[in-house]
Structures are given as structure tokens and as C-alpha cells.
Number of protein chains: 2
Amino acid sequence: MRLSSMADYAVVTMSAAARHCGGARVSAADLAVETGLPAPTVQKLVSMLSKAGLLRSARGAGGGLQLARPAAAISLADIVEAVEGPIALTSCVQHGRHDCALEGTCNVQPHWAVVNEALRGALANVPLTQLVQMKVPA
Amino acid sequence: MRLSSMADYAVVTMSAAARHCGGARVSAADLAVETGLPAPTVQKLVSMLSKAGLLRSARGAGGGLQLARPAAAISLADIVEAVEGPIALTSCVQHGRHDCALEGTCNVQPHWAVVNEALRGALANVPLTQLVQMKVPA
DNA sequence: GGTGAATTGGACCGATCCGCTCCGATTAGG
DNA sequence: CCTAATCGGAGCGGATCGGTCCAATTCACC
């Protein structure tokens, strides 16, 4: 029931990247020092985030990263899914998976779907723009 | 972002135990055959659930298990917390933990608390009574 | 009251996944 | 054309999870 560290770090990294949106040209190393995370870990994260289409990467000298979309169009759900895959509390709520042996007779399954959607909705309701502000009013 | 198998199994086990509420005297082995789960796994689960105060256990010959509280007073949140510990998506939302190095400067933390509470609320809104019914209306 | 069987409780072990680090492939600049 | 800088993927160690087994405890029966 706990979020993986990678997903947590990914949110912090994306939040840092969003602050450099105008300038682009932000290297993974720069994000590492800003966030305080290990540099190789940030490299792995930006690789995942780029492959998921959240970051646009430019290789070579003078290259860097920038947001692929406006910060307002990126939510926590997008970031979490990019790192951890589809949001599915149990295997039975995943679109076409049939791993559970209790398929059909299980009466818990529909309730998991409700809980799962509540979680996903809560994550989707937090856009990246809300995370960029340095201090949130108490 | 996925629920552990143990927590999933625990919900199924509690659901099965709730059906025998009147008769009490339900052995872990009986629950195993009803749910189709491995017997040793069910044994481990009932041990955890008993220690958490959700099940009342009676040892010795003719012993067994029964719900410690009415089914209506047991929610998914109770079962999940009994098996997985406190519901905390990140370490920073846990009451008094200070593991994160970004404490104070982190602007993401308050948002995690909101998401975490939404998840917990969704789990608390599903009492065990809703899971006992054999078939949920489509 | 003693014996026996049935049941829970805790401890051990293997396996899978996560998190971290290092090295190669690619590209712009001099 | 060469050098330097950066992203991309492969490999390794550690930790937690899931499954299994054995011992301690307790009630029913004789």
C-alpha cells in the first residue's frame, strides 16, 4: 500500500523540471543537485519519463530536457503511471487480466474497482502546476 | 501502487469468515478450502488478523475463529491496515516520520496527504457486510 | 485426572522486485 | 575530423514479500 520510491522521486524530479520550463536545456545532473537525489537515479527516471512522453529529451553536448506538455496538462496520475505502470490495486481491476482463480465467484472484485477509481481520481486531480509553487498556504 | 497479495487474500478470507459469523468455530483450514487459497497462507493471515483484533481465536480441539466485531463495523481499511500496516503512500505522510531529506523545502508533501486521505476514505467506505453478499447487482 | 488430537502461533527459507551503479551509444560543437 | 558532453540500456546487490514447515497450546474424550 505504499508508493514506490521511484514514483515519489519522479514527482520531485518533474516538479524541479517544471521550474526550468522556459529555459529548457536542463541536464539530468542539474536536476539531481537541485532535488538532492542520486544522479544515476535521476538519469533512470528521466529515461522512463521520456519514454512515457512526459519529457522531451535532446542528446549530445548542450542537450537537455524539457516538459513535453504544459505543466497544467500533467497530473500525478501521469507521473505515477509512467514509472509504476497502470494504477491497479489488484490484478483483477486491470483491463484484461485473468490471474485470479476466483474469477466469477468473487464478490469483492467490483468494490476494488470503486476504490481503485477513487485513488486514480485523487491522483489525476493534482496537476503539476500546483507542485511548482515553492510554498503551499498552510 | 499495487496492493500486496497478502492484503488481497486477507479481504477474501475475512469475507469468508463473515459468512460463518453465527456458527463461530471456523478453522483456518476450512477457510482455506472455501476461498481456494493455500492453507499455510490462510494460517498466517488469521494470525495477523487476530493480533490486529479483527478476529477472535480459540485454540485447542474444537476451537476456531469468529469475527471480533459485527461485520458492519469492519471496513476494507481495517483489513488492509492489519496486514500492511498504516496506510501511507509516502513515508512523509506517516504521523511522525522524518525520513525524507527534503523536509521543509518539499512542496509536494501536503498534496500527498490529500491523496492519501482520499484513498483511506475510499477503503473505509466499504464495510465487510457489502462483501458477504454472494452476487453484487451489475 | 491423564491422554490424545486438533488448532493456533511463531520461525525459517526461497523467490521476486526494487533501488543503485556502471558502461556503451549517440550527438552537437570546435 | 576529433573531442566532449549527454542520454540510453545492461548488470548487480539488497530488501521485502510470499510460501512452507515445525513447535507450543488448548480442549474434548476416556
Side-chain angles (χ1 to χ4, degrees), chain A residues 1-13 17 20 24-33 35-66 68 80 82-85 88-91 99-101, chain B residues 1-13 17 20 24-33 35-66 68 80 82-85 88-91 99-101:
Chain A
M1 200 66 281
R2 184 171 298 182
L3 203 66
S4 76
S5 300
M6 282 297 187
D8 194 357
Y9 296 165
V11 174
V12 176
T13 300
H20 298 274
R25 302 296 168 87
V26 182
S27 70
D30 291 341
L31 292 177
V33 296
T35 57
L37 300 173
T41 298
V42 176
Q43 280 194 2
K44 191 183 186 69
L45 285 173
V46 296
S47 174
M48 289 182 178
L49 295 168
S50 298
K51 208 185 301 182
L54 298 180
L55 288 179
R56 183 63 62 182
S57 66
R59 298 173 70 156
L65 306 159
Q66 60 178 347
V80 171
V83 176
E84 296 203 340
L89 288 177
T90 61
S91 59
D99 298 356
C100 186
Chain B
M1 199 66 282
R2 185 170 297 181
L3 202 66
S4 74
S5 301
M6 281 298 186
D8 194 355
Y9 296 164
V11 173
V12 176
T13 301
H20 299 275
R25 301 295 167 87
V26 182
S27 71
D30 292 342
L31 292 177
V33 296
T35 57
L37 300 173
T41 298
V42 176
Q43 281 192 1
K44 191 184 185 68
L45 284 173
V46 297
S47 174
M48 290 181 178
L49 294 168
S50 298
K51 207 184 302 182
L54 297 181
L55 288 178
R56 183 63 62 180
S57 66
R59 298 173 71 156
L65 305 159
Q66 59 177 348
V80 171
V83 176
E84 296 203 342
L89 288 177
T90 60
S91 59
D99 298 357
C100 185

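Every value quoted in this text rests on a predicted model; they were computed, and no experiment measured them.
- Regarding B:Arg56, its CZ atom lies at a distance of 15 Å from the P atom of C:dT8, rounded to whole Å.
- Here B:Leu45 contributes atom CG and B:Leu54 contributes atom CG; the two are 11.5 Å apart, rounded to the nearest 0.5 Å.
- Although no hydrogens or angles enter the test, the distance criterion places a donor-acceptor pair under 3.5 Å between the side chain of B:Glu84 and the main chain of B:Ser4.
- The CD-C1' distance, from B:Gln66 to C:dT7, rounds to 15 Å in whole Å.
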*Would you mind building the protein contact string for nucleotides 17-30 of chain C? One character per nucleotide, 5' to 3', B for base within reach (heavy atoms under 4.0 Å), S for sugar-phosphate only, - for untouched.*
--SBB---BSBS--
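- Taking atom CG of B:Leu31 as the reference point, atom P of C:dT7 lies 12 Å away to the nearest angstrom.
- If you take CG of B:Leu65 and P of C:dA6, they are 17 Å apart, rounded to a whole angstrom.
- Among all heavy-atom pairs drawn from B:Ala68 and B:Gly53, the shortest one is CB-O, 3.3 Å.
- Among the protein residues, A:Ala29 comes within range of no part of the nucleic acid, since none of its heavy atoms lies under 4.0 Å from any strand.
- Computed from coordinates, the B:Glu84 CD to D:dG18 P distance equals 8 Å when rounded to whole Å.
- Within the structure, every side-chain polar atom (N or O) of A:Lys51 is placed at least 4.0 Å from both OP1 and OP2 of D:dC7.
- The side chain to side chain contact (heavy atoms under 4.5 Å, CB included) test with B:Thr13 singles out one residue from B:Val42, B:Thr41, B:Leu65, B:Val83, and that residue is B:Val42.
- Taking B:Gln43 as the reference, nothing meets the side chain to side chain donor-acceptor pair (under 3.5 Å) condition, with sequence neighbours excluded.
- Atoms OG and NZ, from A:Ser57 and A:Lys51 in turn, are 11.0 Å apart once rounded to the nearest 0.5 Å.
- We find that CG of A:Leu45 is positioned 18 Å from P of D:dT6, with the value rounded to whole Å.
- Neither OP1 nor OP2 of D:dC7 sits under 4.0 Å from any side-chain N or O of A:Ser50.
- With rounding to whole Å, A:Arg2 atom CZ is found 9 Å from D:dC17 atom P.
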